[in-house]
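All chains are named by letter (A, B, ...) in the order of the sequence lines, taking the proteins before the strands, and each is independently numbered beginning at 1. Fair warning: this is a prediction, and the values are worked out from it, not measured in the lab.
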Amino acid sequence: MFPIIAKELLAPTLARFSIQAPYVARKSQAGNFVIIRVEETGERIPLTVVETDLKAGTITLIVQAVGKTTNHLLTKMAGEALVDVVGPLGNPTPIEYHGSVACIGGGVGTAELLPIARALKSRGNAVYTVIGARSKDLIILEPEMAEFSDGMFITTDDGSYRRKGFVTDQLKDLLDAPIGIGAVYAIGPLPMMKAVAALTRKYGVKTIVSLNTIMVDGTGMCGGCRVTVDKQMKFACVDGPEFDAHTVDFDELIMRNRTYVDMEKAALHPCKEKTMELHEAMMYEIR
Amino acid sequence: MKYVNPKKPSERMRIPRQESSEQPAAERATNFTEVSQGLFEAAAMVEASRCLECAEPVCIEGCPVNIDIKSFIQLIFKEDYVGAVNKIRESNYLPAICGRVCPQESQCESVCTLGKKHPAVAIGKLERFVADYETKHNLFVPPRIEVRRDEKVAIVGSGPSGLTCAAELAKLGYNVTIFEALHAVGGVLRYGIPEFRLPRHILDLETERIKALGVTIETNFLIGRTATIDELFGEWGFSAIFLGTGAGTPTFMGIPGENLSGVYSANEFLTRVNLMGANKFPRYDTPIKIGREVAVIGGGNTAMDAVRTSKRLGAERAYLIYRRSREEMPAREEEIHHAEQEGIEFLLLTNPTRICADKNHWVEGIECQRMELGEPDESGRRKPVPLQGSEFVLPVQTVIEAIGQKPNPIIQSTTPGLSTSKRGTVVIKDGQQTSREGVFAGGDLTRGGATVILAMQDGKNAASEIHRYLSSKHNGGTTPHLIESVFSA
């Protein structure tokens with residue numbers, strides 16, 4: 001069992017967990033993920049390791065309630081435990097010097113971006129961060145990112161906070177500005193990463209994306225995470241999860257990720273209501 | 001001696017081979033309960049009495065782990081079933097598993113003297129009978145471990161080779177830890193072999209019996225990532241390591257359409273069901289999609305498991321597409337026979353060339369071409385060659401590729417100095433020794449894709465080699481102490 005040491009609600013559908021997993025904490029680097037199971041009948045889902053605390057032997061996971069498992073996870077409290085956590089999985093991000101880098105986070109993808117952006121900054125890069133979400137309450141980790149970013153930009157689809165528009169609008173401005181962006185790291189929903197790739201291709205700027213695919217074991221065993229990169233079949237779990245955005249077949253992956261949409265919806269319904277009820281009550285208490 | 005078989009050999013030869021009862025094909029094709037129900041006690045007694053008790057029992061040589069088959073059958077005849085299962089356990093710690101999944105027809109039973117003119121003694125069914133008897137009557141007692149040794153040995157992977165190696169080393173008194181990447185123990189026995197061939201409770205029981213020897217099992221621990229081989233030797237303090245990580249990486253044919261929704265590797269398909277319980281969705285959270293018509297590509301045991309599973313998940317028509325003929329199929333005869341009984345449709349001498357998509361990027365068919373057998377290839381089997389103009393499209397909504405697996409590369413790529421072949425297998429010398437001192441390997445990781453029992457043979461050999469290695473390394477320096485002294489200390 002992997003005890004939940006702390007839980008902090010960031011928004012009604014978003015929480016930060018600190019999980020006791022000392023072996024994973026010791027070995028995890030920026031870009032790695034873990035596979036977790038919430039309970040014995042649960043499914044295995046990948047989650048990025050956002051931070052580690054070597055002393056406490058804990059890892060930080062940031063979870064947005066999307067499907068049944070993430071909704072269920074959000075009902076868990078400190079003192080409870082996850083049945084399984086395995087990792088660190090995937091290849092760590094190669095942290096190189098590019099001069100200036102743009103780090104683009106969409107929704108909960110911002111959580112995956114945080115350790116990478118921080119490591120890029122430590123490597124001596126000037127880091128320009130763009131966070132985007134549908135609306136203000138889904139913007140996460142703004143203070144954490146702002147702490148080390150040389151430039152901090154936020155966009156919301158509905159204009160409820162800072163710039164109205166998409167992360168690509170802001171990224172275009174950065175690419176046009178005379179700051180010499182040498183590389184772009186983008187993590188978020190697939191359509192966002194696809195749009196970023198299309199934009200940076202025009203500018204000829206190296207772009208890295210982290211792919212969130214269908215996954216079962218996360219160790220190279222099932223092939224469910226296969227994706228076409230540079231016309232070759234790759235497994236996101238062992239060959240990635242990061243790839244050169246300009247060689248990824250996003251359209252194929254977007255279709256593939258829809259495989260279980262109807263079943264996920266059916267499984268989600270009863271669970272989601274429970275999470276929302278619980279969290280609305282909690283948010284009320286916090287306020 | 002009591003209960004000596006009074007029958008003359010000629011009389012024994014006249015007794016028909018006893019068959020175990022099976023769930024009727026139509027019924028079992030809709031459930032996940034075990035197909036074969038095993039031998040009843042009376043039938044087992046009769047079957048045991050068929051053994052000719054050869055002076056030189058060739059069956060023992062036919063067994064990859066050299067079980068003393070003659071003796072265990074004699075013990076059955078004496079109604080000493082526990083003695084019989086313990087006799088098996090001297091050579092093979094997993095009798096309930098081997099009695100179910102071993103290809104006896106090409107091993108012990110293929111060389112049985114009785115089998116020259118009559119059906120061979122049903123050695124596998126007898127093995128299963130005594131193992132099940134012991135379980136049913138709760139008679140298992142862990143073997144006594146005479147000495148304890150201080151050295152720690154790490155076993156990587158909890159499949160058949162790892163479990164066997166762990167059991168043998170634990171019996172020798174070593175301090176053994178198994179590291180398993182998944183959340184459940186058993187490797188391919190867990191994620192690959194379906195419940196209707198190997199019930200989960202049997203696997204759980206055998207695992208508990210390994211633990212009863214004092215073996216520690218760490219699940220959720222991926223060697224190469226959570227800790228490396230070098231770290232196991234260093235800070236973890238292990239003196240020897242056995243690698244039994246199998247061949248878990250699926251291979252794909254490389255035909256167009258493989259990334260469509262509805263296309264699975266057999267590994268993914270079987271893992272979803274066997275490990276994750278997708279057949280019990282939504283009670284279990286892992287989903288699986290099964291079409292009305294399903295095509296499984298391949299002719300091995302994995303293909304049989306996948307196609308029979310798809311039938312059980314509700315496929316109306318389940319096809320098995322294989323490019324050679326039935327004779328060349330690598331699957332066990334029993335599995336092919338069971339698949340045929342369950343209504344699986346075999347498309348032999350047929351090779352898929354393309355998977356066809358509907359407008360939603362879902363599978364809607366598979367294009368195949370007919371083949372004919374030409375000259376023998378390097379494997380000695382006649383090579384299938386395409387018949388020009390024979391293409392046709394079979395309407396299916398699910399495609400499962402079961403064309404073979406290769407070893408997972410994580411350990412190889414994180415262990416300096418570990419030699420591998422072009423096929424990705426770990427290279428070993430005699431005695432399961434890899435290119436790294438103190439690191440031994442076996443099973444599918446070195447063979448590239450074989451059987452449970454051959455993996456167990458490797459695990460067993462590796463255990464005695466590790467014992468020899470550690471004994472010589474310390475030049476007899478670590479004196480094994482009597483177990484009593486451990487307790488009194």
- Counting only heavy atoms closer than 4.5 Å, note whether A:V34 contacts chain B via side chain, backbone, both or neither. neither

- CG (B:L182) and CE (A:M221) are apart, to the nearest 0.5 Å, by 5.0 Å

- Query: Between the main-chain N or O of B:S261 and the side-chain N or O of A:T259, is there a donor-acceptor pair closer than 3.5 Å?
  - Reply: no

- Message: Between A:D262 and B:K289 (salt bridge meaning N to carboxylate O under 4.0 Å), is one present in this structure?
- Response: yes

- Heavy-atom pairs under 4.5 Å with chain B are the metric here; pick the option from A:E264, A:M233, A:R44 that has the most. A:R44

- Item | A:I35, part contacting chain B, at a heavy-atom distance under 4.5 Å | neither

- Query: At a heavy-atom separation under 4.5 Å, does B:I410 approach chain A through its side chain, its backbone, both, or neither?
  - Reply: side chain

- Identify which part of B:T228 has an atom lying under 4.5 Å from any heavy atom of chain A, answering side chain, backbone, both or neither. both

- Name the option with the most non-hydrogen atom pairs under 4.5 Å to chain A; the candidates are B:P287, B:G277, B:P409. B:P287

- Item | Gap separating the CD atom of A:E43 from the OH atom of B:Y284, nearest 0.5 angstrom | 14.0 Å

- Bottom line for B:A227: the part with an atom under 4.5 Å from chain A's heavy atoms is backbone

- Out of curiosity, A:E39 CD to B:D285 CG, how far, rounded to the nearest 0.5 Å? 6.0 Å

- Query: Given the rule in the side chain to side chain contact (heavy atoms under 4.5 Å, CB included) test, do B:E268 and A:V216 qualify, once you have shown the distances and angles that lead to the verdict?
  - Reply: CA-CA 7 Å; B:E268 179 182 359; A:V216 184; 4.3 Å; yes

- Heavy-atom distances under 4.5 Å only: say whether B:L260 touches chain A with side chain, backbone, both or neither. backbone

- Task: Against chain B, work out which of A:D249, A:N257, A:T219 has the most heavy-atom pairs shorter than 4.5 Å and name it.
- Result: A:T219

- Query: So which part of B:Y264 gets closer than 4.5 Å to some heavy atom of chain A, the side chain, the backbone, both or neither?
  - Reply: both

- Message: If I measure from the heavy atoms of chain A, does B:R272 come under 4.5 Å with its side chain, its backbone, both, or neither?
- Response: side chain

- Measure the CG-CE distance between A:D217 and B:M276 for me, rounded to the nearest 0.5 Å. 10.0 Å

- Contact part of B:F221 toward chain A, heavy-atom cut-off under 4.5 Å: side chain, backbone, both or neither? both

- Select one option (side chain, backbone, both, neither) describing which atoms of A:V85 are under 4.5 Å from chain B's heavy atoms. backbone

- Is the shortest side-chain N to carboxylate O distance from B:E231 to A:K27 below 4.0 Å? yes

- Item | Residue part contacting chain B, namely of A:T228, when any heavy atom lies under 4.5 Å | both

- Query: How many angstroms lie between CG in A:N32 and CZ in B:R225, if you round to the nearest 0.5 Å?
  - Reply: 7.0 Å

- Message: Return the CG to CG distance between B:N220 and A:D84, rounded to the nearest 0.5 Å.
- Response: 4.0 Å

- Closest non-hydrogen atom pair between B:E258 and A:R226, with its separation: O-NH2, 2.7 Å

- Specify whether B:W236 and A:Y23 have parallel, tilted or perpendicular ring planes, treating 30° as the upper limit for parallel and 60° as the lower limit for perpendicular. tilted

- Side chain, backbone, both or neither: which part of B:T271 has a non-hydrogen atom closer than 4.5 Å to chain A? side chain

- Looking only at non-hydrogen atoms, find the nearest pair between A:C222 and B:S265 and report the distance. O-OG, 2.6 Å

- For B:N259 and A:V227 the tightest heavy-atom approach is ND2-C, 4.2 Å

